[in-house]
2 protein chains.
Amino acid sequence: MSIEHAILGLLSLSPLSGYDIKKMFEGSAALYWSGNNNQIYKTLVKLHEQDLVTRETQIQDSSPAKKVYSISEKGLEELRRWVSSAPEVPQVRNSFLIQLAWADSLSADELDNLLERYENELRMQLSMLDFQRQQRNISPSGTARDAYINVQAARTPRETFLWNMILENWSSYYQAELDWVCKLRAEARQF
Amino acid sequence: MSIEHAILGLLSLSPLSGYDIKKMFEGSAALYWSGNNNQIYKTLVKLHEQDLVTRETQIQDSSPAKKVYSISEKGLEELRRWVSSAPEVPQVRNSFLIQLAWADSLSADELDNLLERYENELRMQLSMLDFQRQQRNISPSGTARDAYINVQAARTPRETFLWNMILENWSSYYQAELDWVCKLRAEARQF
DNA sequence: CCCATCATGTAAGGCGTTACATGATTAC
DNA sequence: GTAATCATGTAACGCCTTACATGATGGG
């Protein structure tokens, strides 16, 4: 559930600053938090207090000083513990389905318009996901920023496999949703 | 997004008390809020203040008095407006995928065990959903409590169709997730 | 000159959950 | 007598978001 473990996971690949982590959250659909400062910086302070991470301040010329966090041995243990803890079922919040439940008050044209807009939204999400996916497979690996995002940065063949399956899970979800709405649209014309 | 519109939708079918609404939230996966008192009673007060609903206190013998809310003309307008407003893409919060991203630290057996537990969770969700589905199609319609939940309470053929498509959306999601994890489990054994 | 990027943080507020509080009736 | 159901509400807290605040550098 918690953002702590997501951050510990990122830090298990390489040391990162709060700013780095923020960028990663923003760029990844799987890390579903919005990449807001408040939670990230507070969580880092909390993790540091619990000795799950270590902190080092790096002074740079020509850009502001940054605090670089690394995962500690204790942090790695906590991450391992969490990874094998009981999985939860996904929480899906699909407000569109609630909209649709009361959509019988719309005319045929209005309903089709609503379905079309949902279809377009889904297509946009899918193409964004494909774009991210390509970037990950092409871009030269290495920098801290790419850590989570780049499949080629995986440390073992099994990790590559797992990361690809995660990406597949996302795109197949959007694809299934798209198929569903297309079918719905086609059949709704009969009424 | 908001719980206000979900409640307005329920009230568009029939007048309901806060308690009725609470039960409906608890029994429905589509209404993804947890059916907690705090939000429901506060939202009803808010809706009443905005004249989107009317309130009537019914004194009953052999059970406590209840406040029955009905949707107003203004409420119906607001519901119609919201129903045709821009749809949002679903928000999926799948913490299991984040767990899996760092699961390469587990042994083959531990990983398989984790996947198995996720598979079992999904199977349980699916059978709960099927159970609800059967109840809806069999149970005699009519009472306020069944309003949202009972497909047979739909007012038009098109509404029946929409409600069935909503149910199909949910079960096909869990089914796809189950297929995915089975495939993952089979292929993970190669490592 | 203005805007984007790098970099860290705070403030305010809404959303959502669990737990608490009360009190009557009905079923086992 | 103990638990569940009906029925309404409050308190405390955590999660999460938007917006605000600061300040340097580099590009168009």
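Lettering follows sequence order; numbering is per chain, from 1.
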Listed partners of K46(A) passing side chain to side chain contact (heavy atoms under 4.5 Å, CB included), at least two apart: E4(A), Q50(A)
Spacing between K66(B) atom NZ and dG9(D) atom P, to the nearest angstrom: 14 Å
Residues that E56(A) engages under salt bridge (charged side-chain N to carboxylate O under 4.0 Å, His left out), provided they are two or more places apart: none
Donor-acceptor contact present, side-chain D20(A) to main-chain S17(A), <3.5 Å: yes
Residues touching DNA chain D, which here means a heavy atom under 4.0 Å, drawn from residues 44-56 of chain A: none
Donor + acceptor pair across side chains of S127(A), D130(A) (<3.5 Å): no
Any Y19(B) side-chain nitrogen or oxygen under 4.0 Å from OP1 or OP2 of dC6(D): yes
Plane angle bin for F96(A) and Y118(A) - parallel if under 30°, tilted between 30 and 60°, otherwise perpendicular: parallel
Any side-chain donor near an acceptor of the partner, E177(A) and N169(B), under 3.5 Å: yes
Test salt bridge (Lys or Arg N to Asp or Glu O under 4.0 Å) applied to D112(A) and R189(A), step by step: CA-CA 8 Å; D112(A) 190 64; R189(A) 285 198 192 110; 3.7 Å; yes
Rounded distance (Å) that lies between atom P of dC6(D) and atom OH of Y41(B): 11 Å
Distance-only side-chain donor-acceptor flag, Q99(A) / H5(B), under 3.5 Å: no
Gap between atoms CD and P, on Q91(A) and dC16(D) respectively (whole Å): 9 Å
Rounded distance (Å) that lies between atom C1' of dC6(C) and atom CE of M24(A): 16 Å
Rounded interatomic separation in angstrom, taking CD1 from I7(A) and C1' from dC15(D): 13 Å
Main-chain N/O of M165(A) paired with W170(A) side-chain donor or acceptor, under 3.5 Å: no
Axis bend over the full length of the helix from dC1(C)-dG28(D) to dC28(C)-dG1(D), computed from five pairs that close each end, to 10 degrees: 30°
What does the list of N/O pairs under 3.5 Å between the protein and nucleotides 18-20 of chain C look like, with a distance for each?
none

Distance, rounded to the nearest Å, where I40(A) contributes CD1 and dT18(D) contributes C1': 14 Å
Validation row, ring centre F25(A) to ring centre Y32(A) under 6.0 Å: no
For atom CG of D20(B) and atom P of dC6(D), their distance in whole Å: 9 Å
Connected via hydrophobic side-chain network under 4.5 Å: Y41(B) and I7(B): no
Rounded distance in Å - CD (E4(B)) to C1' (dG14(C)): 11 Å
Sugar-phosphate only, base, or nothing, as touched by K42(B) at under 4.0 Å among non-hydrogen atoms: nothing
Any K22(B) side-chain N or O less than 4.0 Å from OP1/OP2 of dC6(D): no
Any residue meeting side chain to side chain contact (heavy atoms under 4.5 Å, CB included) with R117(B), in chain and number order, not counting sequence neighbours: A86(A), P87(A), N113(B), L114(B)
Below 4.0 Å: OP1/OP2 of dC15(D) and any side-chain N or O of Q39(A): no
